[in-house]
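Here is the structure we will look at, set down as structure tokens.
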Amino acid sequence: MLRLFTALTLPPDVGETLQRRQSGLPGARWRPLEALHVTLAFYGETDERRADDLASELARVAGAPFEIVLKGVGAFGDNHRSHTIWAGVETPNEPLSVLAGRCRKAGERANIVLEKRDYRPHVTLAYLKPQTNPDRIGAWMAGHNLLHSPPIRIDRFRLYSSVLTDDGSHYELEREYLL
């Protein structure tokens with residue numbers, strides 16, 4: 001079984017700018033530079049046959065190059081506890097939403113059941129330990145909320161496999177698709 005997702009990678013200079021912000025929050029498990037990306041669709045655990053079907057369906061995804069801009073930071077959580085710190089992608093961004101929708105549809109055509117959730121493009125910067133102080137989270141977000149990247153040209157997307165380890169997820173590039 002393969003744990004698969006499609007994503008946009010960030011240019012090294014943008015990744016390094018984000019990495020410089022990854023400090024000053026005890027309890028944060030910061031994501032390494034090579035793990036910083038914008039997820040388009042998460043397919044979950046997939047057998048080899050469906051993974052091959054997915055790769056073929058993704059090759060049919062059409063599109064043209066476009067730009068995204070990273071803007072602001074925030075947190076995801078539940079039960080009044082934040083568990084993820086992220087950098088946002090400026091929205092609305094119709095070409096990005098269309099590409100994400102096409103990646104989802106490719107998964108459906110490959111008979112993969114995807115989670116039903118609204119698409120909220122972001123770059124995960126850190127996972128937070130349960131005991132992370134909410135006041136420190138708020139202070140970190142206030143200190144970094146003016147994040148605003150230059151336009152980032154997107155001319156391809158990638159299919160990755162993910163292996164969960166004690167140190168977090170490790171990603172392996174499976175395929176690359178030009179727009």
Side-chain angles (χ1 to χ4, degrees), residues 1-47 51 68-93 96-97 99-100 103-104 107 112-150 152 154 157-174:
M1 296 289 277
L2 295 167
R3 191 169 182 259
L4 299 172
F5 66 95
T6 47
L8 306 175
T9 55
L10 302 174
D13 61 323
V14 174
E16 290 163 5
T17 298
L18 291 175
Q19 205 168 31
R20 284 193 296 274
R21 295 174 180 269
Q22 293 179 309
S23 65
L25 182 55
R29 288 179 298 140
W30 300 106
R31 302 297 292 140
L33 181 62
E34 63 274 6
L36 300 178
H37 65 270
V38 177
T39 300
L40 295 168
F42 180 74
Y43 306 104
E45 295 286 335
T46 308
D47 62 49
I68 64 171
V69 172
L70 301 182
K71 186 175 181 183
V73 297
F76 291 132
D78 49 33
N79 298 328
H80 308 291
R81 183 185 76 76
S82 296
H83 54 70
T84 306
I85 295 286
W86 49 261
V89 175
E90 188 172 55
T91 56
N93 185 317
L96 174 60
S97 296
L99 179 59
C103 288
R104 286 185 61 83
I112 297 171
V113 178
L114 285 82
E115 293 178 335
K116 301 284 187 219
R117 66 166 67 165
D118 291 336
Y119 182 60
R120 296 188 55 194
H122 64 279
V123 178
T124 298
L125 299 176
Y127 295 110
L128 302 174
K129 294 179 181 174
Q131 65 274 20
T132 305
N133 182 324
D135 293 335
R136 296 291 299 264
I137 297 168
W140 185 91
M141 288 191 308
H144 295 278
N145 204 36
L146 295 180
L147 169 74
H148 194 271
S149 76
I152 302 166
I154 302 299
F157 67 98
R158 295 177 169 127
L159 174 65
Y160 288 93
S161 58
S162 171
V163 176
L164 299 175
T165 70
D166 290 339
D167 296 325
S169 299
H170 170 73
Y171 306 135
E172 190 71 37
L173 176 63
E174 299 293 334

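Counting from 1, the numbers follow the sequence of the chain as shown.
- Residue pairs meeting the side-chain hydrogen bond (donor to acceptor under 3.5 Å, both in side chains) criterion with at least one partner in residues 131-144, sequence neighbours excluded, are R21-H144, W140-H144.
- Rounded to the nearest 0.5 Å, atoms CG (L147) and CE (M141) are 13.5 Å apart.
- Counting all heavy atoms, side chain and backbone alike, L10 lies closest to G15 at CB-N, 4.5 Å.
- T46 OG1 to I112 CD1: the interatomic distance, rounded to the nearest 0.5 Å, is 4.0 Å.
- The CG atom of D47 sits 8.5 Å away from atom CG of L2, with the distance rounded to the nearest 0.5 Å.
- Contact record, L128 with R81: O-NH1, 4.0 Å, taken as the closest heavy-atom pair.
- Residue pairs meeting the salt bridge (Lys or Arg N to Asp or Glu O under 4.0 Å) criterion with at least one member in residues 118-131: none, sequence neighbours excluded.
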Which pairs of donor and acceptor atoms, one on a side chain in residues 33-45, lie under 3.5 Å apart (sequence neighbours left out)?
| from | atom 1 | to | atom 2 | distance (Å) |
| --- | --- | --- | --- | --- |
| H37 | ND1 | A35 | O | 2.7 |
| H37 | NE2 | T39 | OG1 | 3.1 |
| Y43 | OH | T6 | OG1 | 3.3 |
| Y43 | OH | C103 | O | 2.9 |

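- Between F76 and H122, the closest side-chain pair of non-hydrogen atoms falls below 4.5 Å.
- A donor-acceptor pair is defined here as one N or O able to donate and one able to accept, closer than 3.5 Å; no such pair exists between the side chain of N145 and the backbone of G72.
- In this structure, OG1 in T124 is found 10.0 Å from CH2 in W86, a value given to the nearest 0.5 Å.
- S169 is listed as a side-chain neighbour of R3, based on a closest heavy-atom distance under 4.5 Å.
- Contact detail for W30 and A126: the closest heavy-atom pair is CE3-CB, 3.4 Å.
- Nearest heavy-atom pair, I154 versus T9, reported as atom, atom and distance to 0.1 Å: CD1-O, 4.5 Å.
- The two atoms that bring Q22 and R31 nearest to each other are NE2-O, 3.1 Å, heavy atoms only.
- The shortest heavy-atom contact between L4 and A51 is CD1-CB, 3.7 Å.
- Atom CZ of residue R29 and atom CG of residue L125 lie 14.0 Å apart, to the nearest 0.5 angstrom.
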Q: Show your reasoning for whether side chain to side chain contact (heavy atoms under 4.5 Å, CB included) applies to E90 and L70.
A: CA-CA 6 Å; E90 188 172 55; L70 301 182; over 6 Å; no
Q: Apply side chain to side chain contact (heavy atoms under 4.5 Å, CB included) to the pair L96 and T91, showing each step before the final yes or no.
A: CA-CA 9 Å; L96 174 60; T91 56; 5.8 Å; no
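- Between the side chains of S161 and E174, at least one donor-acceptor pair of N or O atoms lies under 3.5 Å.
- Note that the CG atom of N93 and the NZ atom of K71 stand 12.5 Å from one another [nearest 0.5 Å].
- No side-chain heavy atom of V123 sits less than 4.5 Å from a side-chain heavy atom of V14.
- Annotation: side chain of V89 is not in contact with side chain of V69 (no heavy-atom distance under 4.5 Å).
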